[in-house]
Amino acid sequence: MRRSNILKLTVVVALITAIGPIIAAVYLAQRQGLAQEYERVQGYAREVVYRSDRAVMQMQAALDIVTALDSQDPCSVANIDLYKQIGLENEYLVGVGYVTGTSMLCSTLGVHNPALDLGPFNVRLPSGSGLRLNVEFPFAEGTLMTALQRGNYAAIAYGAQAVDLSVEQDGAMLASFTPGSPGLRASLGAVNPLWVDRLGSERSVLFIDEGFIVSVVRSDQVNATGAIAAVPVSSLNQRIMEFILLLVPIGLLTGILMTLLVLYLARQQMTISTAIRIALRRNEFFLVYQPIVDLRTEQWTGAEALLRWRRDDGSIVMPDTFIPVAEQSGLIVKLTERVLELAAHDMEGLMWQNPDFRLSVNFSASDLQSKESLRLVQVLSEKVGNRKGQIMVEMTERMLLIPEDASVIVDSLRENGIAVAIDDFGTGYSSLSYLENIKFDILKIDKLFVEAIDTEAATNQVVLHIIDMAKTLGLQTVAEGVETLEQARFLREKGVESAQGWLFGRPMEPGLFTEALQENRSRLSYRDRIARVS
Ligand code: C2E
Ligand code: CA
Ligand code: CA
């Protein structure tokens with residue numbers, strides 16, 4: 001990727017990481033606010049229902065007692081005493097009284113002379129009881145009472161008691177009603193009686209209407225009560241604001257931290273790619289060579305060139321650190337070109353002298369598209385003798401995602417005498433179809449599978465399948481990362497031709513490698529001579 005594009009991408013990502021958490025915070029605040037407000041309104045409605053239920057239950061219990069009395073003289077002193085006691089014992093009740101027609105003759109307050117006219121029932125309950133909703137007694141003018149009548153007895157409660165909650169919210173409205181009967185039993189504020197209809201056959205509903213969040217609930221204890229609570233939507237906004245004030249700073253902080261992180265990582269990336277450019281100019285890259293060994297003869301038949309970077313301060317940077325950055329920033333082609341130049345310089349003499357020696361170099365995906373990389377491999381091959389298969393290019397499965405393209409390039413490399421290996425086999429997305437459609441010379445078994453030999457790891461059988469597959473396809477195999485004699489013996493017995501690994505030799509600088517190669521070859525020829533003599 002070009003530098004300016006990286007910069008643009010960085011800015012976009014940084015903006016997203018900065019704004020994202022704030023948007024998320026506002027969204028969360030809204031959801032939290034609404035959820036909390038819903039819960040609160042529902043809580044009010046439930047409280048009203050609870051109180052209504054208590055009042056109804058107390059009225060029913062009182063009526064149970066008084067309707068069981070001998071009604072010879074319902075207004076006797078003893079009975080009125082009982083009425084008084086009932087009134088005192090029940091927090092929701094004003095009292096009980098004796099009624100004929102619509103007239104209350106006596107009650108908790110004594111004998112009424114003249115009798116008090118209660119008026120007609122407002123609601124007839126299924127049980128046969130009757131309910132009067134807005135009874136006003138002369139001794140408490142302006143206070144509306146509810147009277148539940150069974151037979152000749154009525155229990156009286158304060159009508160507004162159920163909705164008389166202390167709600168700490170401006171504009172909150174409450175009401176109680178009798179499901180199945182029109183109108184409200186009592187209300188605090190201008191509750192819309194039509195809201196009752198929204199309940200239908202549900203136990204409770206929640207909705208927003210006329211600028212209010214409304215909860216309507218039905219009692220699950222006493223079927224005769226229901227309640228409405230409503231709070232203005234504006235209180236929701238206030239709640240959301242509270243959450244925003246809490247969450248946005250957190251979002252902002254997260255945003256800032258994430259942005260800093262993105263900028264830091266981007267800078268890091270930029271720094272490495274800039275440093276690679278400078279290192280190329282200053283010739284800080286060099287190659288080390290790791291021997292590839294014939295498993296039967298122990299002869300060094302070749303080497304893999306591995307890139308190293310020596311920094312100003314003498315420290316060595318390994319390829320796993322800089323190759324991925326170079327691949328992302330488009331610098332890899334320049335690096336590969338440098339590898340090919342370095343290899344030509346390091347190995348020219350050695351390869352002229354050892355015509356059977358094969359040198360491997362690693363390619364990245366972009367190299368397959370780069371005319372210059374392909375040209376330089378050719379140059380390298382010509383420089384070291386131009387013998388068929390003396391130079392080998394290693395490519396990984398990941399590079400072969402468009403097999404048609406890859407196949408054409410692999411073919412043309414091979415036609416020009418360059419051998420091609422599939423590297424790190426088994427670690428990518430490879431499928432058999434790659435191997436069938438693209439003609440390779442060598443398959444490199446990844447060290448992951450070599451490590452698994454003689455272990456309990458689930459992959460310890462994979463190496464056998466890979467070897468079989470290679471044989472079927474007529475590919476030679478090189479096992480990577482061979483560290484123990486057991487691994488070497490196992491691989492040799494299974495027919496793997498070559499190996500590479502610390503058991504045979506670590507990657508070495510060119511001078512050391514040349515010496516070691518000579519030592520290996522003379523040792524072997526000495527053994528040969530001995531064998532021939534004896
Ligand atoms: P790779 O191609 O799989 O290279 C083999 C890696 O395994 C090398 O690591 C080598 O030092 C290491 N190795 C060899 N024998 C053993 C062993 O017995 N045990 C263990 N544990 N490791 C062993 P290195 O040199 O760090 O290279 C790492 C990767 O970097 C290479 O993996 C290759 O993918 C990439 N790379 C190295 N040089 C170049 C280059 O010039 N161009 C490109 N494109 N990639 C390169
Ligand atoms: Ca390799
Ligand atoms: Ca490899």
Side-chain angles (χ1 to χ4, degrees), residues 276 279-280 284-293 295 300 302-310 316-347 358-370 372-374 376-377 380 391-400 419-428 430 440-453 463 466 477-488 491 496 498-510 513:
I276 292 175
L280 275 167
E284 288 179 357
F285 290 102
F286 66 99
L287 287 175
V288 289
Y289 297 87
Q290 184 173 34
I292 295 174
V293 178
L295 275 173
W300 288 15
E304 177 177 1
L306 296 161
L307 194 56
R308 300 286 182 267
W309 173 6
R310 187 181 288 111
I316 305 288
V317 187
M318 298 303 278
D320 290 341
T321 312
F322 62 83
I323 295 279
V325 178
E327 281 173 344
Q328 276 162 31
S329 59
L331 281 169
I332 189 68
V333 175
K334 288 258 168 304
L335 275 188
T336 305
E337 287 169 18
R338 179 59 52 89
V339 167
L340 296 168
E341 287 160 12
L342 285 169
H345 171 265
D346 295 341
M347 288 287 149
R358 167 181 282 171
L359 178 68
S360 257
V361 289
N362 290 288
F363 258 34
S364 286
S366 319
D367 294 316
L368 295 184
Q369 251 69 59
S370 156
E372 189 57 8
S373 297
L374 296 170
L376 282 173
V377 186
L380 173 64
I391 296 298
M392 180 158 81
V393 165
E394 297 189 4
M395 40 184 89
T396 62
E397 299 159 90
R398 281 174 283 279
M399 296 159 57
L400 309 177
V420 183
I422 176 122
D423 198 2
D424 300 346
F425 185 78
T427 60
S430 95
F440 294 101
D441 298 279
I442 300 275
L443 182 151
K444 294 191 81 170
I445 303 171
D446 193 73
K447 59 172 169 281
L448 202 71
F449 306 111
V450 173
E451 267 166 28
I453 295 173
V463 70
I466 296 178
T477 39
V478 176
E480 291 186 306
V482 176
E483 294 182 358
T484 68
L485 276 170
E486 288 71 30
Q487 292 166 346
L491 292 162
V496 174
S498 308
Q500 178 183 351
W502 296 348
L503 177 65
F504 309 105
R506 300 238 175 184
M508 289 164 252
E509 292 195 29
F513 181 83

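Numbers here simply count residues along the sequence, with the first being 1. Everything numeric in this text was worked out from a predicted model, so none of it was measured. Just follow the structure's listing: the first ligand is 1, and inside any ligand the first atom is 1.
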ask   = What do the steps show when you test Leu335 against Trp309 for side-chain contact (heavy atoms from CB on, under 4.5 Å), and what is the final call?
value = CA-CA 11 Å; Leu335 275 188; Trp309 173 6; over 6 Å; no

Looking at side-chain heavy atoms only, is the closest gap between Val361 and Val393 below 4.5 Å?
yes

Hey, is the main chain of Val420 close enough, under 3.5 Å, to the side chain of Asp441 for a donor-acceptor pair? yes

Check: Would you say Leu503 and Glu483 make side-chain contact, with heavy atoms under 4.5 Å?
Finding: no

The number of protein N, O or S atoms lying under 3.0 Å from the Ca ion (ligand 2) is 4

Sequence neighbours excluded, the answer for salt bridge (charged side-chain N to carboxylate O under 4.0 Å, His left out) partners of Arg358 is none

**Prompt:** Asp367 and Thr336: side-chain donor and acceptor closer than 3.5 Å?
**Reply:** yes

Would you confirm whether Ser370, through its side chain, and Ser366, through its main-chain N or O, come within 3.5 Å as a donor-acceptor pair? no

Ordered by chain then number, the protein residues lying under 4.0 Å from ligand 1 by heavy atom are Gln290, Glu304, Leu306, Leu307, Arg308, Met318, Pro319, Asp320, Ile323, Val339, Asn362, Ser364, Asp423, Asp424, Lys447, Glu480, Gly481, Val482, Glu483, Gly501, Trp502, Pro507

d(Phe285 CZ, Leu342 CG) to nearest 0.5 Å is 10.0 Å

Residues passing the salt bridge (charged side-chain N to carboxylate O under 4.0 Å, His left out) test with Arg308, sequence neighbours excluded, are none

